[in-house]
Amino acid sequence: MLTLLRDLRRLRRDLALPRPDQGRSLAIRHVDAGSCNGCEHELTLASSPYYDLQRFGLGVVASPRHADVLLVTGPVTTRMREPLLAAYAAMPEPRLLAALGDCALGCGILGAREEIVGPVEDVLPVDLRIPGCPPTPDAIANALLRLVDTRTTEPTGPR
Amino acid sequence: VRAFAHGFTLAGLYATEGGAIVRAALVSPQGEVRLVSVAARDGAVPTVVDRAYAAAWDEREAFDLYGIRFTGHEPLRPLVNHDLELARWTVPVRGDGPYQVAVGPIHAGVIESGHFRFHVVGDRILHVDVRLFYKHRGLERAAEGRSLADALAVVARACAACAVSNGVAYAHACESALGQSPTEELARGRTVLLELERVWSHLNDIAAVCAGVGLAAGNARFAALCERARRLNATLTGHRFLFGTVEVGRSALELDAKAVRAARDELQAVGAEALSAWRELQFNSSFQDRLPDIGVVDADAVSRLGAVGPAARAAGVRADVRSAALGLAYDGFEPVVPERAEGDVQARLEQRALELWQSLEILNALLDRPLRPATAEPDGGGDAIGVGRVESPRGATLCVVERTDGRLERVRLRTGSYANWPSVAHAAVDNLLPDFPLINKSFELCYACADR
């Protein structure tokens, strides 16, 4: 265990990720609306030591009730339309919706017409588009940070 | 039926020609695949589930999508069809106070969509109904009607985690239908890609089990190694998941002497760090304590349920498509199994580590010289139907292609995940509900390539 922790500490030092220059927070709820699992694998690694999304106050939460932003992957399948709408309805206002990956944006290879509702914007209003097939963990982190920063209307007070 | 008596096992079954014909793919003990076709009479064919339970999902899917009935398969529960009432797709569980816990399709984390209906007494699981296909995109139908080459992109979109495996299975199926065989160089290039996919995938799976136990340090360590493996993929091929590297009849992948040397060095470094982290896991007693005797799928269950891949080998079943792989560079391959092959979470985790070391060795040997673009060559064969079978990180993946000239008429992709989902449900029985996420992660199946 000590070796594991030592190696992680060393990795952290070697990567020398910059410290965030301001306090932020964004609670993310992820919904897979019919992805190929690529966006999920990259989103998972956005929390790995190489990117450490949490250092910016960004984290994936276990309920839409706790979420600021709904992060949706995949084209919306007919079978995921209702669960997606239910998750969005459960979120407190103000709420944001981010479409993650080319399929969610409607420019990927989607599937048979009768099984797909369409890109996320056909179902819900989209506030943030994160293109890529799949977007890299870096691209995901940067896009979400931009979303927080552009939405921050008041300057952050002293910590 | 006679084939099963001769030791053949079922590798998949599907409906074709609008539901007029059912084809079963059978694998001989030597690893040779044969197709058996049965024409439907009055929209029905006899079921094979009594002989091969592994056909259960295939038959349910064929009924839902092609309307073909399987005489003797009772009750034929829906699989892809979500429109029927609860009682039609759940197994009735009666007795002293069982109740149902419905989980999903959306889960608490970064997890694919799928629904689990647990029948429990207290925390003890009596039965679980797995309802997938929330992510069904009709990719087989979307691919059909395209040219064989164009359809690959649609088939490969089934799953990012198995993109190479599914792509190679499809390419092999097309090439066998077209009467082509990969040259040695093409075989080597594809084998490199398949093993690169296994390396990142197994690193991901070890990280996932650590997360399932709640060992954050182990999860972070193996996630970091998984990231390095994906970065290597990007360096070598331009894509972190190796998308676009597999083509029908050819390979454009080119790695010069410097690139293969750098790849070997990086793989060796990743291997050394993974081994050191793996040893740490061995000596973490609170981690190890969670693993044994949880989520057991023993050798009997493996053969009954048709489990494949690491899940089968962790129960001591030495089945691996790589042992008899045609058109790939696996000469002299021997499957590994753990010493303690109990088919539980512990054994499946150890199986990943053993296979990881083996894949790194294979890559080290294959990358001993530059890799050049290559093509498949005519072998004098060819047929309207072609079959490809590949060992994905999750197990045997079958692809059958039916064509008219260069046009794809029907494609069936049956992945290792598809084969293993019934085993997840089996493994959960008698375990505690809080252990299900760990059991599920010890299989780490894709929902995407089961649902397609």
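Throughout, protein chains are lettered first and strands after them, A, B, ... in sequence-line order, and every chain is numbered starting at 1.
With a threshold of 4.5 angstrom between heavy atoms, A:Arg113 does not approach chain B through any atom at all. For A:Glu42, the parts sitting under 4.5 Å from any heavy atom of chain B are the backbone and the side chain alike. Interface remark: B:Ala277 contributes backbone and side-chain atoms alike to the contact with chain A (heavy atom separation under 4.5 Å). Interface remark: B:Ile111 contributes backbone atoms only to the contact with chain A (heavy atom separation under 4.5 Å). In this structure, the portion of B:His239 lying under 4.5 Å from any heavy atom of chain A is its side chain and not its backbone. For A:Thr3, the parts lying under 4.5 angstrom from a heavy atom of chain B are both the backbone and the side chain. Contacts of A:Leu5 with chain B are made by side-chain atoms alone, with heavy-atom separations under 4.5 Å and no backbone atom involved. Of the atoms belonging to A:Leu15, not a single heavy atom falls under 4.5 Å from chain B. Of the two parts of B:Arg452, neither the backbone nor the side chain holds a non-hydrogen atom closer than 4.5 Å to a non-hydrogen atom of chain A. Proximity to chain B (any heavy atom under 4.5 Å) is shown, for A:Cys39, by neither the backbone nor the side chain. Interface remark: B:Asn204 contributes side-chain atoms only to the contact with chain A (heavy atom separation under 4.5 Å). Heavy-atom distances place both the backbone and the side chain of B:Arg221 under 4.5 Å from chain A.
Counting heavy-atom neighbours within 6.0 Å of A:Arg6 CZ, excluding the residue itself, gives a total above 12. When the shell of 6.0 Å around CZ of B:Arg88 is examined, it contains 12 or fewer heavy atoms from other residues, nucleotides or ligands.
Counting only distance, with no hydrogens or angles, the side chain of B:Glu140 and the backbone of B:Leu413 share a donor-acceptor pair below 3.5 Å. Under a 3.5 Å cut-off, the side chain of A:Thr150 and the backbone N or O of A:Leu147 do form a donor-acceptor pair. Looking at A:Arg29, its side chain never comes within 3.5 Å of a backbone N or O of A:Ala27 through a donor-acceptor pair.
The structure places CD of A:Glu82 at 6.0 Å from CG of A:Leu85, a figure rounded to the nearest 0.5 Å. The CG atom of A:Asp14 sits 12.5 Å away from atom CZ of A:Arg9, with the distance rounded to the nearest 0.5 Å.
With respect to A:Ile28, the side chain to side chain contact (heavy atoms under 4.5 Å, CB included) criterion is satisfied by exactly one of A:Leu100, A:Val61, A:Leu144: A:Leu144.
Interface remark: of the candidates B:Arg141, B:Arg279, B:Glu227, B:Glu227 forms the most heavy-atom pairs closer than 4.5 Å to chain A. For chain B, the option among A:Ser63, A:Pro134, A:Ser35 with the highest count of heavy-atom pairs below 4.5 Å is A:Ser35. Comparing B:Phe283, B:Phe287, B:Phe243 by heavy-atom pairs within less than 4.5 Å of chain A, the highest count is held by B:Phe243. Each of B:Ala142, B:Ala448, B:Ala223, B:Ala224 has some count of heavy-atom pairs under 4.5 Å with chain A, and the biggest count is that of B:Ala224. Counting heavy-atom pairs under 4.5 Å between each of A:Val60, A:Leu4, A:Thr73 and chain B puts A:Leu4 at the top. Contact count against chain A (heavy-atom pairs under 4.5 Å) is highest for B:Gly138 among B:Cys449, B:Gly104, B:Gly138.
Heavy atoms only, all atoms of each residue included: B:Cys446 and B:Arg394 are closest at SG-NE, 3.3 Å.
Figure legend: cation-pi geometry between B:Arg412 and B:Tyr418, with NZ or CZ positioned under 6.0 Å from the six-membered ring centre and within 45° of its axis. Cation-pi geometry between A:Arg95 and A:Tyr88 is met: under 6.0 angstrom from the ring centre, within 45 degrees of the axis.
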